[in-house]
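Following: one structure in structure tokens, then a few remarks.
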Amino acid sequence: MKRILLFILPILIIVAIVLTVFGIIQIRFEEDKLMDDLQRKTRTVAESVDLAARYALVNTDLKVANRLVGKFQGRERLQGCVIYDKEGQVFAITERIAAWREKGKPYLTDILSSKLPRAALEKFKEYSVYSYILPILDDEDNVLGLVEVIYDTSYMYVILTELWKRISVALIILVFLIGAISFLIQRQMFILPVQRLTRWFHSFQRGEIDTLHSIKSKGELGKLASEVEQVALSLRVARKAVSEEAHARIAKDELWTEAKLKDLTHAKLGEKAFFVVSNREPFMHIVDEVSGKARCIRPASGVVTAIDPILRACGGTWVAHGAGNADKKFVNSKNKLGVPPEDIRYILKRVWLSKEEEDGYYYGFANEGLWPLCHITHTRPIFRETDWQMYKKVNQKFCDAILEELPAKSPFVFIQDYHFTLLAKLIKEKRPDATIALFWHIPWPNPEVFTICPYQKEIIDGMLACDLIGFHVQFHCNNFLETANRLIECRVDTEKFSIVRANKETIIRSFPISINGSLSVDARKIDAEAIAQIRQEFDLEGKIVAIGVDRIDYTKGIIERILAIDRFLEKYPQYKNKFVFVQLAAPSRTHIQRYHELIAEIDELVEKKNWKHSDGSWKPIVYLKKYFSQGEIRPFYILGDICIVSSLHDGMNLVAKEYISVKKDNSGALVLSCFTGASKELTDAISINPYSIEEFADAIKTAIEMPLKEKTKRMENMRKIVSENNIYKWAGAIITELSALKKA
Ligand code: ADQ
């Protein structure tokens, strides 16, 4: 519309200016004509009374003079006539304009002396009149007096106003017609062909067969479409070839890598598009408080850590909440951008949420309701009706954003986590052909706990629209099956591990999530220098270093960890001055009161315990409360003799796996909570119950004092597990399972 206005507006302005100038000239011309006409009329009248007036003035015959001026009494436009004597005094005047007598007329003297007639517009009462004065001369050319004829000019203005009106109406009609014609021309010549071409591109992009949508138009647009059709064809042929090669390669039994996952995706999904949906985006643009410039960070999130390598390998589209304060500056008109910024591999589509939506859906329902509900940490879940309504609204908003992107051919949608329990159902209502999987990254509680949720049935109902639901461990799958069995009418198939409801089957499987093993590309650049710098900065030289890396969350057991370190130093004071615990802690969900309180609680506890045990410059805890990039975390992992993961409850916990993955020399020991999903796989870790501070303190001592040989063996075993069961294997298992369910 703006474009059309830009095109039409200058034309309209020019037409309006031309017509206005033309109108003014026309009015002027008409006005001159009318004045001319008036002058002619008044002169004729004055000259017609000339003789009679001369008689009356020569004979000073007032009777004749009055009869003469009285003749004009009843005329319509001719207002009247005045006869003046040679002194310029009124001799006789038409009664109707008797008031004219009072008007000052300085020009009479000039006329009497010059003996020349005068015509002019004069003001009389509130209106304008035309006055024509003719000197009356005798035979010797002496002035006997004057005759003045007064004409009403208002009719002239009526005519001129009428003319203006007609010109204005013509102007409006013309402007309207030109506008409409220009619009139609613009539409026919530009908008319609572009719309056709856009529709065609859209169909092509959605994977619809190009011949069905081929552009018939000849000319430049037709040529452009034909070129794109050729590219489409080449792409299809190339994809097919890659897919066949891929089938051959994945048959080989080798370690899962990015390339192998890429092959599997080509082989299993073919041309079908792959979509990931999560709340947290993999790349966030934020304004740096110091420099004021926008920078791109990877949020501290297990979901991001796990899913980003998959999208890097397979390509596709990731739909997520654009939560960064500079996010809007980096997207195109469809809210999309290519990521990672330094090496574009896939598309990120950002969905914008208002403060109210984020508050109700994310902070409220998801993180004050579902998060504590699913984690056994004895933090009471809060369910508010308003949050639930917002949660439903945001699920619908994400659904709309995804539907806009889905191609025509049955796509694969991979939903992440507890933020989107209703999404699959909403998508399926519009696109029953989509194959949908949901991965639940946190634990699933037992049915008794889940029934606390007032919206339990709607949540289970929404989730069962998925074709596949994945959990980290079998125990969570069992809990889910039991919950569904207990809460809704369905058939649980314990052989197949599926739930059948209204002829719809949902497969439930455990897929223990992992990492890609390299801890990001830039991380490899970190060298001994970075480690030496950290050792120096925090005075770690010659010390036994334990490390903790977490989002600040009550499920991560950070408080228990500090209490255990305190107890460890109380119980084993020989380690004073020799042991340092470094905690990297990224604040998260800080708008929630519980998290706010937790941050203050940890600050206070660290302060208190450091004060209690400190000796000279030594203090037992280095607490680094901020976000670290992956490259910055890596040297801490490398220098950590021990890594402590003490979650009170955790779906998996990727920190444990990240720590193991960097220990290339098989050094280090992992102290791992038995309430993490990771503890089911990493059985060579030193297992702890984080609630038992005594046992926890002893585990730290065990980790320090464990014979090197045993430590190395344990680390070797764990490294084998992490490198074999990496994120590519995880994604491969899900994609294989999904493609087996794929719609025709
Ligand atoms: P999270 O609860 O986020 O994930 P986790 O699996 O430990 O927990 O992953 C945290 C990620 O954040 C790690 O990649 C870690 O390196 C990073 N991180 C931690 N502290 C950081 C800091 N200070 N700065 C920057 N980054 C930091 C959820 C579930 C988990 C599950 C994952 C994946 O709660 O149980 O393992 O999803 O499914």
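Just so you know, residue 1 is the first one in the sequence shown, and it goes up from there. Indexing begins at 1, ligand by ligand and atom by atom, following the structure's order.
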> For ligand 1, does Trp730 get within less than 4.0 Å through its side chain, its backbone, both, or neither, judged by non-hydrogen atoms?
Replying inline: neither

> Does ligand 1 have a heavy atom under 4.0 Å from the side chain of Ile513, from its backbone, from both, or from neither?
Replying inline: side chain

> Counting heavy atoms only, which of His441, Arg551, Gln583 comes nearest to atom 38 (O) of ligand 1?
Replying inline: His441

> Where does Ala585 meet ligand 1, judged by heavy-atom distances below 4.0 Å: at the side chain, the backbone, both, or neither?
Replying inline: backbone

>> Tell me if the CD atom of Gln533 is crowded by more than 12 foreign heavy atoms within 6.0 Å.
In response: no

> Under 4.0 Å from ligand 1, counting heavy atoms only, is it the side chain of Leu654, its backbone, both or neither?
Replying inline: both

>> If you apply the rule ring-ring contact (aromatic ring centres under 6.0 Å, His included), what do you find for Phe568 with Phe579, and how did you get there?
In response: CA-CA 10 Å; Phe568 162 71; Phe579 171 90; 5.1 Å; yes

> For Met652, is at least one N or O under 3.5 Å away from an N or O on ligand 1?
Replying inline: yes

> Would you call Glu604-Lys608 a salt bridge at under 4.0 Å N-O?
Replying inline: no

> Any salt bridge (Lys or Arg N to Asp or Glu O under 4.0 Å) pairs touching residues 664-691, not counting sequence neighbours?
Replying inline: Lys657-Glu681

> Using a heavy-atom cut-off of under 4.0 Å, does the side chain or the backbone of Asp550 touch ligand 1, or both, or neither?
Replying inline: backbone

> Tell me the salt bridge (Lys or Arg N to Asp or Glu O under 4.0 Å) pairs involving residues 640-651, sequence neighbours left out?
Replying inline: Lys556-Asp650

> Do any heavy atoms of Glu632 fall under 4.0 Å from ligand 1?
Replying inline: no

